[in-house]
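Keep in mind that what you see is a predicted model, and the values were worked out from it rather than measured. We use all heavy atoms of the structure for the numbers below, so side chains are in, but hydrogens, waters and symmetry mates are not.
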Amino acid sequence: METFGHLLDQLKLSTLRYHWQVVLTSTVMFAIVYEMSRLFSPLLFPKTFQFFKGYNGPNWHVHVVSTVHCIIVVIGSFFILNDNTLNEDRVFGYVRWAADIYSISCGYFLWDTIIAIYFYQHQGISMVCHGLVSFSVFILSFRPFINYYGAIFLMYELSTIFLNFHWFMDKLGWTGSKIQLINGIILLATFFGARIVFGFVMSYKLWNDIHLVREHVPWLYYIVYGGGNFITSCLNVWWFSQMIAMLRKRFPVKEVTKHK
């Protein structure tokens, strides 16, 4: 273990020595959730699964795992943002329990990358890259680095919960229903609030704080976090516009009036 710890020190991932067990345990846990969905989802939704072919079933299970991960880390992010220790040193601060939350996300994105590779023909290279980049962002936090602001990226997943619900409703035959309309409105509100408003404000504060200690931040971190933050922010604006267009198409003005 001393050799392993020394290796982590060399890689500038010192605090990972206290969390690699959580990373691996989380990877296994999400694999178990996937298998549980394979077992129970067809029993709970037989009318839906009888029409599933090819990748439809695995895609359902992937969405189940995604939803479980989102709920866990979103709850954790609220506590991280209210931690006084991390708030006092928002760039290099470290709290063990908060790093465990990031370890869970590391485990999830490790599992997600494996699944993306396994279902490469269906998910494509973009999802493999998404898993690898996301894993890299969270694994580098074990320097430690931005353990406070990492909650921004966790908070993004608040909207993913309702995006997954929207997807499930389509598969359950609830497309265009009142409950999907309500979920769509919540989806837009959480996406705009968490990813656009909160995301942009906190990103500004993040880079302002990093600028104050810039001489202690390696260039690799500027590339990984700066590039990731910029690309994600641009994609969030694009995705939000696409969501509005999708909901307008699915729920025309007359249809919304009818629901009211």
Side-chain angles (χ1 to χ4, degrees), residues 30 33-34 36-38 40-78 81 105 108 112 119 122-124 126-127 130 134 151-203 231-260:
F30 288 119
V33 172
Y34 181 91
M36 289 179 64
S37 179
R38 284 185 60 193
F40 292 109
S41 291
L43 299 176
L44 295 172
F45 309 102
K47 293 182 179 179
T48 298
F49 272 78
Q50 68 178 333
F51 297 109
F52 277 180
K53 295 180 181 179
Y55 180 62
N56 286 335
N59 200 16
W60 174 284
H61 309 316
V62 167
H63 278 77
V64 169
V65 178
S66 169
T67 304
V68 172
H69 166 253
C70 290
I71 292 172
I72 293 172
V73 299
V74 166
I75 293 173
S77 67
F78 280 104
L81 290 171
S105 275
Y108 169 75
D112 187 55
F119 290 111
H122 302 283
Q123 295 197 12
S126 62
M127 291 307 296
H130 175 268
S134 298
I152 303 171
F153 305 106
L154 297 183
M155 192 67 77
Y156 283 176
E157 302 298 345
L158 178 61
S159 62
T160 305
I161 296 171
F162 298 99
L163 181 62
N164 286 346
F165 286 169
H166 194 86
W167 187 90
F168 285 129
M169 290 176 192
D170 278 341
K171 301 307 176 186
L172 290 170
W174 297 352
T175 303
S177 63
K178 185 174 183 179
I179 189 170
Q180 192 181 49
L181 173 61
I182 295 172
N183 182 79
I185 294 171
I186 297 174
L187 169 59
L188 284 179
T190 54
F191 194 99
F192 182 75
R195 293 182 179 244
I196 305 297
V197 177
F198 179 78
F200 276 70
V201 170
M202 293 301 285
S203 292
I231 293 171
T232 303
S233 296
C234 293
L235 285 174
N236 284 338
V237 174
W238 167 253
W239 287 333
F240 186 66
S241 68
Q242 293 304 297
M243 286 181 183
I244 293 175
M246 177 190 69
L247 286 174
R248 281 180 174 174
K249 183 178 180 180
R250 184 161 295 183
F251 299 99
V253 177
K254 292 182 180 179
E255 190 77 12
V256 175
T257 304
K258 188 189 299 183
H259 282 302
K260 290 181 180 179

Ser77 side-chain N/O to Val74 backbone N/O, donor-acceptor pair under 3.5 Å: yes
Shortest non-hydrogen contact from [X] to [Y]?
{"X": "Ser105", "Y": "Leu154", "answer": "OG-CD2, 3.4 Å"}
{"X": "Ile152", "Y": "Gly199", "answer": "CG2-CA, 4.2 Å"}
{"X": "Phe49", "Y": "Gly57", "answer": "CE2-CA, 4.3 Å"}
{"X": "Thr190", "Y": "Leu187", "answer": "OG1-O, 3.1 Å"}
{"X": "Ser41", "Y": "His61", "answer": "CB-CE1, 4.2 Å"}
{"X": "Met169", "Y": "Asn183", "answer": "CE-CB, 3.8 Å"}

Pairwise distance [atom1]([X]) to [atom2]([Y]) - rounded to 0.5 angstrom:
{"X": "His63", "Y": "Leu163", "atom1": "NE2", "atom2": "CG", "answer": "7.0 Å"}
{"X": "Ser66", "Y": "Ile161", "atom1": "OG", "atom2": "CD1", "answer": "9.0 Å"}
{"X": "Glu157", "Y": "Thr67", "atom1": "CD", "atom2": "OG1", "answer": "10.0 Å"}
{"X": "Phe192", "Y": "Met243", "atom1": "CZ", "atom2": "CE", "answer": "13.0 Å"}
{"X": "Leu188", "Y": "Ile185", "atom1": "CG", "atom2": "CD1", "answer": "8.0 Å"}
{"X": "Leu158", "Y": "Ile71", "atom1": "CG", "atom2": "CD1", "answer": "10.5 Å"}

Stepwise side chain to side chain contact (heavy atoms under 4.5 Å, CB included) check, Leu81 with Met155: CA-CA 10 Å; Leu81 290 171; Met155 192 67 77; 3.8 Å; yes
Just jot down the side-chain contact (heavy atoms from CB on, under 4.5 Å) partners of Met127, sequence neighbours excluded, or say none. Ala116, Gln123, His130
Among Phe45, Phe40, Tyr34, the one residue meeting ring pair (Phe, Tyr, Trp, His ring centres under 6.0 Å) with Trp60: Phe45
When the side chains of residues 234-242 are checked against the rest of the protein, which donor-acceptor pairs come out under 3.5 Å, sequence neighbours left out?
{"unit_1": "Asn236", "atom_1": "OD1", "unit_2": "Arg195", "atom_2": "NH1", "d": "3.0"}
{"unit_1": "Asn236", "atom_1": "ND2", "unit_2": "Thr232", "atom_2": "O", "d": "3.3"}
{"unit_1": "Ser241", "atom_1": "OG", "unit_2": "Trp238", "atom_2": "O", "d": "2.6"}

If the plane angle is over 60° it's perpendicular, under 30° parallel, otherwise tilted; pick one for Phe30 and His69. perpendicular
Determine the interplanar angle of the Phe165 and Phe168 rings, folded into 0 to 90°, and report it as parallel if under 30°, tilted if 30 to 60°, perpendicular if over 60°. tilted
More than 12 heavy atoms of other groups within 6.0 Å of [X] [atom1]:
{"X": "Trp167", "atom1": "CH2", "result": "yes"}
{"X": "Tyr55", "atom1": "OH", "result": "yes"}
{"X": "Ile179", "atom1": "CD1", "result": "no"}

If you measure only the distance, is there a donor-acceptor pair under 3.5 Å linking the side chains of Gln180 and Ser177? no
